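Have a look at the structure below, then the notes.
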Number of protein chains: 2
Amino acid sequence: MASDHTRSAILAAAERLYADRGFGDVTLRDIVAEANVNLAAVNYHFGSKDELIAELFVTRSIATNRERLRELKAAEEAGGGRAPIEVILRALVGPTLRGCLGPENQRSTSARFMIRASIESVPPIRRIKNREIDHLRKFAGAMRRSLPDRSDVDIYWGLNFALAMAHHTIRESERLTKLSEGKCDLDDVEDVVQRVVSVATMALTAGKAEAKGLSKVAAR
Amino acid sequence: MASDHTRSAILAAAERLYADRGFGDVTLRDIVAEANVNLAAVNYHFGSKDELIAELFVTRSIATNRERLRELKAAEEAGGGRAPIEVILRALVGPTLRGCLGPENQRSTSARFMIRASIESVPPIRRIKNREIDHLRKFAGAMRRSLPDRSDVDIYWGLNFALAMAHHTIRESERLTKLSEGKCDLDDVEDVVQRVVSVATMALTAGKAEAKGLSKVAAR
DNA sequence: TTGCAATTCAAACACTTGTATGAAACTATC
DNA sequence: GATAGTTTCATACAAGTGTTTGAATTGCAA
């Protein structure tokens, strides 16, 4: 037990280094040097390098998922088991975006770490992400209840696109800033959330007939 | 010069192995074994492992970009310098989606390679992607001409979301299939293209006032 | 055929990596 | 204050990495 000082020093150092330099070129030796602990301490406390990475990611990702579900549950309860689609989508993408975007200078280490995790996607992290499906299913369920007329397929596509916009914006935030020459303000997180939610809502509520007709005309 | 047999054998073997097993655990020794050539041949013909990867990615990515620009140019010429936004968006995401999705059994090696490149994103590939901004700017320009009333910011967000949906769908195609229990048919590429284009079009053409109003109401 | 450059080859190099070991230091309990 | 359990430490290990070397081979031109 002791003070767990070593353990948390490793976690903090690893998170900081991964956030700054990516998973590719940070070795255990870099981490223990940054944490001022012995090389063997990592294997003693975590078992392996992968388990250390996994713990970092899992901790943060559990927090996000909990916040997501909290918002979703609150919304459904307030609506008597049925929440407006905008609110569901906001519960889905809001926590992630708020956790990763925001003014760069005050962006936390864990935020930067999560951005890295989103960009690089090493095996231990991929393994965890693959277990996220059950979590997403809860949102699919809520969306179905919110839009009972919509087909399952449309629901899944809407969910997919909402996540797509949120994650891609996080992952490519630097490129978007460069492309738009700074015109797209990624520091205004709530504006980003609103944009994603509003497009995803349109995707899910646009008239089917209209879309079908459009497809007939525009298809090559 | 000779027959370049060794060179192309290496390229083919590398592409196949990377496509199958990812960049993480394919070594030069794996590649030369698969290609039946000597270990030193890689460095002789390509200079380094990274340059080999870069050449693989660049070749394929140039082809996609050329097809994109071809479609864009054709559309703008047909419309006298101004193309419908749907067609521009289709030129943007169509080639990429067609190059990566489609029936799994007949998915080409290079298609699978590009999916890997999209998922794992190793340094040499990231470096190339970063040079893609000029290419995207051409699409931003066409979109501005197509929608002169739209603000630059809205254009960039629309572009960002279109790419988001296309790339995320490629990258997470397996998860979407699993999540939807096979209900989302990713083999019907033209349907996917249509969905992406249609949502992106909505994002770009939806009334501003409406969106603003919505944001006031729905913002937490 | 001779000569010369391009190519192939086996071998080794120089490092880095994560992990394991076993002794030393520490901590808390009796 | 001895003891048992935990934690730290220096060090070694074993394996794998991309890359380099210099000699052998090949293919083509003179």
Side-chain angles (χ1 to χ4, degrees), chain A residues 1-58 113 116-117 120-128, chain B residues 1-58 113 116-117 120-128:
Chain A
M1 317 283 136
S3 70
D4 266 354
H5 168 271
T6 303
R7 214 186 124 86
S8 38
I10 292 174
L11 283 170
E15 190 173 47
R16 188 167 39 230
L17 287 177
Y18 285 139
D20 288 344
R21 321 206 312 239
F23 298 98
D25 55 355
V26 171
T27 71
L28 282 188
R29 285 169 177 81
D30 294 332
I31 294 172
V32 300
E34 178 86 0
N36 278 310
V37 302
N38 186 270
L39 175 59
V42 173
N43 288 278
Y44 177 79
H45 284 281
F46 299 92
S48 72
K49 187 193 190 187
D50 278 10
E51 290 174 82
L52 165 60
I53 295 179
E55 171 148 346
L56 280 171
F57 184 73
V58 138
F113 172 82
R116 280 287 181 194
E120 295 193 20
S121 175
V122 288
I125 288 181
R126 261 203 302 281
R127 251 171 272 144
I128 293 164
Chain B
M1 308 289 133
S3 69
D4 267 355
H5 168 271
T6 303
R7 214 187 125 86
S8 36
I10 292 174
L11 283 170
E15 190 174 46
R16 189 168 39 230
L17 287 177
Y18 285 139
D20 287 344
R21 321 207 312 239
F23 297 99
D25 56 355
V26 171
T27 70
L28 283 189
R29 284 168 176 82
D30 293 332
I31 294 173
V32 299
E34 179 85 0
N36 277 309
V37 302
N38 186 272
L39 174 59
V42 173
N43 288 278
Y44 178 77
H45 285 281
F46 299 92
S48 71
K49 187 192 190 186
D50 277 10
E51 289 175 81
L52 165 60
I53 295 180
E55 172 148 345
L56 280 171
F57 184 74
V58 139
F113 172 83
R116 279 286 180 195
E120 295 194 17
S121 176
V122 290
I125 289 182
R126 260 202 303 281
R127 253 172 269 142
I128 293 163

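Here the structure is a predicted model, which means the values were calculated and not measured. In the text below, chain A, chain B and the rest are named by the order of the sequence lines, each starting its count at 1.
Both A:Asp50 and B:Val37 lie near DNA chain C, and the one whose nearest nucleotide falls closer to the 5' end is B:Val37. The nearest heavy atom of DNA chain D to B:Val26 and to A:Ala41 marks one nucleotide each, and the one closer to the 5' end goes with A:Ala41.
The nearest whole Å value for the distance from the CZ atom in B:Phe23 to the P atom in D:dG18 is 13 Å. Summarising the geometry, the separation between CG on B:Leu28 and C1' on D:dT19 is reported as 9 Å, rounded to the nearest angstrom. Taking atom NZ of residue B:Lys49 and atom P of nucleotide D:dT20, one finds them 15 Å apart after rounding to whole Å. Following rounding to the nearest Å, A:His45 (NE2) and C:dG18 (P) show an atom-to-atom distance of 18 Å. Atom CG in A:Asp4 sits about 14 Å away from atom C1' in C:dT27, given to the nearest Å. Distance NE2 (A:His5) to P (C:dT27): 13 Å, rounded to an integer number of Å. Spacing between atom CD of B:Glu51 and atom C1' of D:dT19 amounts to 12 Å, rounded to whole angstrom units. A:Asp25 places its CG atom 16 Å from the C1' atom of C:dG18, with the value rounded to the nearest Å.
Taking the six-membered ring for Trp, A:Phe113 and A:Phe23 have ring centres closer than 6.0 Å.
In terms of phosphate contacts, B:Thr6 brings a side-chain nitrogen or oxygen within less than 4.0 Å of OP1 or OP2 of C:dT8. For D:dA10, one of the phosphate oxygens OP1 or OP2 lies less than 4.0 angstrom from a side-chain nitrogen or oxygen of A:Asn38.
Between B:Asp30 and B:Arg21, some side-chain heavy-atom pair lies under the 4.5 Å cut-off. No side-chain heavy atom of B:Val42 sits under 4.5 Å from any side-chain heavy atom of B:Lys49.
Listed here is the closest heavy atom pair of B:Asn43 and B:Ser48: OD1-CA, 3.8 Å.
Of all nucleotides listed (D:dG18, D:dT19, C:dT8), D:dT19 comes nearest to the side chain of B:Leu39.
Among the protein residues, A:Ala40 comes within range of the nucleic acid bases, having at least one heavy atom under 4.0 Å from a base atom.
Between the side chain of A:Arg29 and the base of C:dG18 there is at least one donor-acceptor pair of N/O atoms closer than 3.5 Å.
Looking at B:Asp20 and B:Arg116, no side-chain N of the basic residue comes within less than 4.0 Å of a carboxylate O on the acidic one, giving no salt bridge.
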